[in-house]
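Right, one structure below, let's go through it.
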Amino acid sequence: MEFDRIVQVRVGRPESPGRASLATGYLVAPRLALTAAHVLGGRPLRGEGPVTVCRPEAGEQRFKATVVWERNDRTIDAALIEVDHNGGWQPPDCLLDVRTRPPQRWGHLIGPRPHPVIVCGFARMQKEVTGRREEQLTGHVHPGTGRSASRYEILSTNPTLPWTPTGGSTTKWSGISGAALLCGDLLIGVVAQDRQATDGTRLTATRAPDLLADDEFRSIVSRYSGWQPLLEPVEPDHLLAPAACARDLRSPAMLLRADTEAVAFYGRTHELHCLLDWCQNGPDTFEVRALVGAGGQGKTRLARHLAGVLRGAGWVAAQLRADLADTPEGPSPDWSTLDTAEPLLLIVDYAETLPRQIRRLIEHLRRTRHRTRLLLIARGEGEWKSEAFGAGPDTREILATAPTDELSPLNACSGDYGTRTSAFTRAARDLGQLLGQVPGLPQADWSALALSLRPPEDLNDARYESALALQMAALVALLQHGPDPVEGAPDRPVEDFVLGHEARYWEGTAASPMFRLGDLRPSTLRRAVAVAALFGAATTQEALTVLRDVPGLPPNREWDVAEWLQSLYPPSPGRYWGHLQPDRLAERHVTTHLTRSVDQDRTVLTGLWAHASGDQQLRAITVLSRAAVSPVESHRLTSVAEAFTVLQTILKDAPPAPRVLLDATVALPYPTRSDAIASLDLLLHYHLVIAYRDLATASPGTYGFDFVVLLNDLSARFHQLRMRSHAVTLLEKAVVTGRRLVHADPDSTRPALALALSNLADALAHMDQHKKALAPAEESVGEERRLLRADPNGDESYLALALYRLSKCLKLAGHKEKGVQVAQEAVAVYRRVARVNPDYEPSLARALTSLDIQLDDLGRQEESFAAWRESLAIRDRAGTLQSFEPSAGLGRKWARDSTTIRDRAGTLQSFEPSAGLGHVSSRDQ
């Protein structure tokens, strides 16, 4: 609560000259006060009348005021009063700048639990000879009390002053009507009446949701404050990002942030319709969905717009803070603050950095009885979505099977120049309206300039496909046609022009009297900004430590530079530094300034790496990997290649802790055989194996199992890249290690050994070494049989897969009769598991197709036809002609603590995916 916003509202009584009714008001804008309507006495005062406002903290002067909105009915008792701007009124300091953030946030209680509140106003019991003084009340609102009457009731046991009734309707709390009801920063209501409780205090209040449901109220607040009032949930406020857009426009790049919403939302009609349909009409009470796409495509902006639409439809719609910690052992937030009977949409941006918290969140939300939607935003699908991370089987299933929508480029129609021209013109117009609010820019009529701009001649080029790229082009066009353009060749990438203008903001702030860093070279300042963007800092110590090796930064200047960086971009709660945004701009700046060579053997980044904390190293790998994943344009090829080379060097010379490598692999999207991320993914997994090799050597009983699992993981990646000789070498190492450890720790090691043997057989078979593949294939089947003897209720799917692979090896090695026998057993086992879990039916269909082919080779036509017919029936039910390679492990639980190796053992990777290259029977052709 801001005490200097509390005002006294006096309403003259025409029937009693010289006397007035007194109430409390609260400034929700510099000249707009919220109060109770009943104090107006039911007289038609809107637009005129004897109303005055006094701000006691600033003096006793009363200012004329005008009622601009009032409503007094069974639901609402409230009024808005405008203070006359001609009377010398001075708003409080906290309302002098309403440009960068809303003057008032509005909230509502969404759950059933009592919540602490504060009220402060001019209660009659505080009447003195010199005037009425403030009374602060602390109490609780019980959301269920008065719910059907659409009101809040404030309950308090605070001691009150003695007071003698004077007759009539006056009570000791008279005069507090119109006081704001606040929970932290959120205004949730306005006090209406004293219910004159027999014990303690009980006041009623009009609720903020009812106020904001009134179109005229909302319009007036928006007009006077410059901000659209938005309703935010109170209980989980500490977990959520503010709903209002960010308008801290201290630099040109701030206009490009998704949460600034500088350019009006357009397009994405189909995507928005699909998401709204999923939210409002999806069949299940709780559902999860992922929205992925390259940086700059507009994922966050689409999600924010979706939240706004649903908020207007009565939903609780909010976005989780992106800076929550995601440690295995760390405490989880109190997710119960999200419990609500209202429909709920929760958005999680940068979901790939919060895999553990997402699973804890799902574990809580999946028990809800009310419509709840969880929307996860990431660069791409990856292990963050599929791995276990200690989650229970239900949560794992919900997340792993959640549908994923890949957001295509907004301006993908390369042949439609007119569409892009309209988008460019619209972006320039909207940006021009806000450029005048950026303090460091020269004065210019930016709006007029926007109307005269011509789009770039190459606007139809593929580099303008993304929403961000087109908006950057519009911003650069405005700035470069303004009074003070930066130098640069016209064919330079737009990011470099934006960064050139942004550098003026950095240098101007550094040279200001507050920091006195004008003696530092511009290149040093730019490197420091890149350090903050790449490594970040949660604490002062992290910031100071990572700055020590910035080239060009003199000794003992770290404090000054750390504080200067903190001032450039607002940090989120719990962080010491903010950083340059949007991400694409930061990635360009980092790869330009931190991957260049300092000397023959060292780059800027290698010097900084050694002093970074584990969390900072993880962030650095994530930022560089995002740069590599982004669509690579010709001007970025060099910087991305340099970044990859630097990563190779630092991982070799100064490898981070295994936890950092594990979490870094999780954040990566799944690689394909051709994309840039495949090399980085392979690099990280290679160094992960190296790290665990050393740990397993020193402590085989503790880390040997993990080493076998990671060898299998890395071999699978080599196999998928068709580097099969490397895959075989790694699997042979995994088998040797597994055989050595299985005697000491059979429960946890045998499953890993069995799958490594099966994968080794499959890899050898792919290299046409069928006879050599027989031994590991047979041993794999033996290990699976031992596992089932030890646990008769264990997962038979792995035995089925091992039998299927063995049958193929036997056939190709010339043992056709035995191959058929094994294939028949594989079919029998897959039948059993498919009866329990229908997800295995495609695997059964493939095993039947394999049996069909092998029987046909032996001339056993009738049996072959029966197998084919059963396979076809399954494929008909699934609506597909092809049958895919079998899968296993959809239900296996592993005897190893999840914190040991990030629960990777829960989903050991098999070479053959559940959906891969299809196989068609000869009868289907």
Side-chain angles (χ1 to χ4, degrees), residues 9 23-29 32-40 42 46 67-81 102-112 114-115 117-119 121 139-155 176-195 202-225 227-235 237 243-244 308-318 340-344:
V9 179
T24 301
Y26 193 77
L27 291 168
V28 294
L32 189 69
L34 174 65
T35 188
H38 75 264
V39 74
L40 304 177
R46 188 181 294 209
V67 179
V68 293
W69 176 88
E70 63 178 307
R71 182 175 158 187
N72 192 1
D73 53 34
R74 296 181 64 182
T75 302
I76 291 178
D77 178 2
L80 291 170
I81 299 174
Q104 183 58 58
R105 295 173 63 205
W106 304 80
H108 63 140
L109 297 171
I110 65 170
H115 203 82
V117 293
I118 295 177
V119 173
H140 286 79
V141 167
H142 294 239
T145 302
R147 179 179 173 85
S148 62
S150 300
R151 67 170 180 251
Y152 287 142
E153 297 206 5
I154 306 113
L155 283 63
I176 205 167
S177 297
L181 178 62
L182 287 132
C183 296
D185 292 337
L186 296 168
L187 191 156
I188 68 167
V190 55
V191 174
Q193 293 181 339
D194 173 16
R195 301 203 69 187
R202 185 184 284 253
L203 307 176
T204 69
T206 297
R207 304 179 307 180
D210 300 315
L211 292 173
L212 296 190
D214 187 292
D215 293 339
E216 188 179 4
F217 177 90
R218 211 168 52 249
S219 175
I220 291 171
V221 171
S222 177
R223 185 166 71 248
Y224 280 83
S225 68
W227 295 81
Q228 184 72 24
L230 301 172
L231 202 59
E232 303 179 67
V234 169
E235 296 93 330
D237 182 54
V309 172
L310 290 174
R311 200 179 290 120
W315 282 56
V316 178
T340 179
E342 308 298 326
L344 170 67

Mind checking the [atom1]-[atom2] spacing from [X] to [Y]? Nearest 0.5 Å is all I need.
X: L181; Y: I188; atom1: CG; atom2: CD1; answer: 4.0 Å
X: I154; Y: R202; atom1: CD1; atom2: CZ; answer: 10.5 Å
X: L186; Y: E235; atom1: CG; atom2: CD; answer: 10.0 Å
X: W69; Y: D214; atom1: CH2; atom2: CG; answer: 5.0 Å
X: C183; Y: H140; atom1: SG; atom2: NE2; answer: 9.5 Å
X: H115; Y: I110; atom1: NE2; atom2: CD1; answer: 10.5 Å

Partner set under side-chain hydrogen bond (donor to acceptor under 3.5 Å, both in side chains) for [X], not counting sequence neighbours:
X: R105; value: E232, D237
X: R223; value: none
X: N72; value: none
X: Q193; value: none

Note, [X] side chain near [Y] side chain (heavy atom, < 4.5 Å):
X: L344; Y: W315; result: no
X: L32; Y: L27; result: no
X: V191; Y: T24; result: no
X: V119; Y: I176; result: yes
X: R207; Y: I76; result: no
X: P143; Y: P112; result: no
X: I81; Y: V9; result: yes
X: L40; Y: E70; result: yes

For [Y], does its backbone N or O pair with a side-chain atom of [X] as donor and acceptor, under 3.5 Å?
X: T204; Y: E153; answer: no
X: T206; Y: D77; answer: yes
X: T340; Y: G111; answer: no
X: Y224; Y: S219; answer: no

For residues [X] and [Y], report the shortest heavy-atom separation together with the two atoms involved.
X: T35; Y: S177; value: OG1-O, 4.2 Å
X: E342; Y: G314; value: OE1-O, 4.3 Å
X: V28; Y: S225; value: O-CB, 4.3 Å

In chain order, what residues pass the side-chain contact (heavy atoms from CB on, under 4.5 Å) check against L182, with sequence neighbours excluded? M1, Y26, Q104, A180, L187
Checking P229 now: which residues fulfil side-chain contact (heavy atoms from CB on, under 4.5 Å) with it, not counting sequence neighbours? W106, L212, R218, V221, S222
Candidate pair L230 and R311, rule side chain to side chain contact (heavy atoms under 4.5 Å, CB included), full reasoning: CA-CA 8 Å; L230 301 172; R311 200 179 290 120; 4.2 Å; yes
